[in-house]
Structures are given as structure tokens and as C-alpha cells.
Amino acid sequence: MTMELISIGAPAIKGAAVTAKILGHLKGDKVIVFKKKRRKGYIKKNGHRQALTEIQIESIAASGAKKAAPKKAETKAEAPKAEAPKAEAVSKDISSMTVAELKALAKEQGISGYTSLKKAELIEALTK
């Protein structure tokens, strides 16, 4: 699996590219987190293992690299996104409304049973 070109970091070199291959996903060493408050009887012992990805750098090009062209599937997905910001703007406006305002809006749209709905349910009903 070869990764696409991604620009990360502040000191980016124009036209530089690094290609890498993912070798596998693994977990790091176990880390123990021990918390204690003296004279209170409070003791907590937790731990975790960090998720890691092992990669192999295949090549580093200092110049002459170009970004990969967008895939055809992505260009088709962009067309419906033109309508999505309008719906997102409406949903952002709806999410900032109070429950009373949402109920009034539901009443205007003729949604039945709006009086017993909670805020999240009202937002879901109004965005449909």
C-alpha cells in the first residue's frame, strides 16, 4: 500500500515528496498509570498500549514531485457537496436554537408529536 502525497509541517520544501509503505499496525509497550491521594484511601491503577503504525520510507524526492490527481470517484462526490453547505448552515442554525424555538418551528412545519420530543429528536425531525 503506497501513500499519497500529503503536505505536513511548517518547514515544507516546495516540490519535495516522500513515498512510504505501510508494513503493519501494532501496539506499543504497556504503560501503567498509577494515581494515589495519600490519607484518603484513593488508589487508581490504569494502563494502556499506544496504537502504532510501522512504515517503510521508499523514496525521498527533493524536487520535481507533483501532487496526485484527484480520483474520479471524488469528483463525483463533490457535486452533491454543493448542496450540503446549505443543509449544514440550516443544521448549525437549528442546533443553536432553544427547545422552545425548535418546537415553534416544528409546529410551523406540521410535525406531529413535537411537544414530547427532546432537543436532539427535534433537530433530527426538522432536518429530514
Side-chain angles (χ1 to χ4, degrees):
M1 176 185 287
T2 304
M3 298 182 68
E4 293 182 24
L5 297 175
I6 299 171
S7 178
I8 298 176
I13 300 169
K14 275 260 193 240
V18 176
T19 52
K21 182 178 179 182
I22 297 175
L23 299 177
H25 300 287
L26 53 123
K27 288 186 176 182
D29 294 335
K30 186 178 285 189
V31 178
I32 296 172
V33 180
F34 185 77
K35 297 179 181 181
K36 180 182 178 184
K37 293 186 179 178
R38 63 186 195 149
R39 297 189 302 269
K40 306 295 181 195
Y42 174 82
I43 294 176
K44 287 283 183 189
K45 182 178 178 183
N46 286 321
H48 74 279
R49 293 180 69 187
Q50 186 71 37
L52 303 172
T53 302
E54 186 178 8
I55 63 170
Q56 179 181 7
I57 304 298
E58 292 180 336
S59 66
I60 300 173
S63 63
K66 294 184 180 180
K67 288 192 172 183
K71 297 178 182 176
K72 292 180 183 178
E74 292 177 4
T75 56
K76 290 180 182 177
E78 290 176 9
K81 287 183 182 178
E83 298 173 10
K86 293 178 185 176
E88 288 178 12
V90 171
S91 67
K92 287 180 182 177
D93 293 337
I94 289 175
S95 63
S96 63
M97 290 181 172
T98 63
V99 177
E101 293 171 337
L102 290 171
K103 286 184 179 180
L105 189 61
K107 184 178 181 181
E108 290 174 11
Q109 292 187 2
I111 297 172
S112 62
Y114 67 89
T115 56
S116 63
L117 296 176
K118 295 180 181 171
K119 185 174 181 177
E121 295 167 341
L122 280 167
I123 292 171
E124 183 178 333
L126 290 169
T127 54
K128 286 184 180 179

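- Residues Met97 and Val99 fall within the same hydrophobic cluster, defined by Ile, Leu, Val, Met, Phe, Trp and Tyr side chains chained together at heavy-atom separations under 4.5 Å.
- For Glu121, the side chain to side chain contact (heavy atoms under 4.5 Å, CB included) partners are Leu117, Lys118, not counting sequence neighbours.
- Across Ala125 and Ile111, no two heavy atoms sit closer than the pair O-CD1, 3.9 Å.
- Taking OG of Ser116 as the start and NZ of Lys103 as the end, the distance is 8.0 Å to the nearest 0.5 Å.
- Between the side chain of Arg49 and the main chain of Gly28, a donor-acceptor pair closer than 3.5 Å is present.
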Name each donor-acceptor pair under 3.5 Å that joins a side chain in residues 31-46 to protein atoms two or more places apart or in another chain, with its distance.
none

Self-check item: From CA spacing to verdict: side-chain contact (heavy atoms from CB on, under 4.5 Å), Leu26, Glu54
Solution: CA-CA 7 Å; Leu26 53 123; Glu54 186 178 8; 3.8 Å; yes
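- Grouping the Ile, Leu, Val, Met, Phe, Trp and Tyr side chains by contacts below 4.5 angstrom, directly or via other members, places Leu23 apart from Leu52.
- Taken from NZ in Lys27 to NE2 in His48, the straight-line distance is 10.5 Å, to the nearest 0.5 Å.
- Atom-to-atom distance recorded for Lys107:NZ and Leu102:CG is 15.0 Å, nearest 0.5 angstrom.
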Practice problem: Check the pair Gln109 / Leu126 against side-chain contact (heavy atoms from CB on, under 4.5 Å), numbers first and verdict last. | Solution: CA-CA 8 Å; Gln109 292 187 2; Leu126 290 169; 3.4 Å; yes
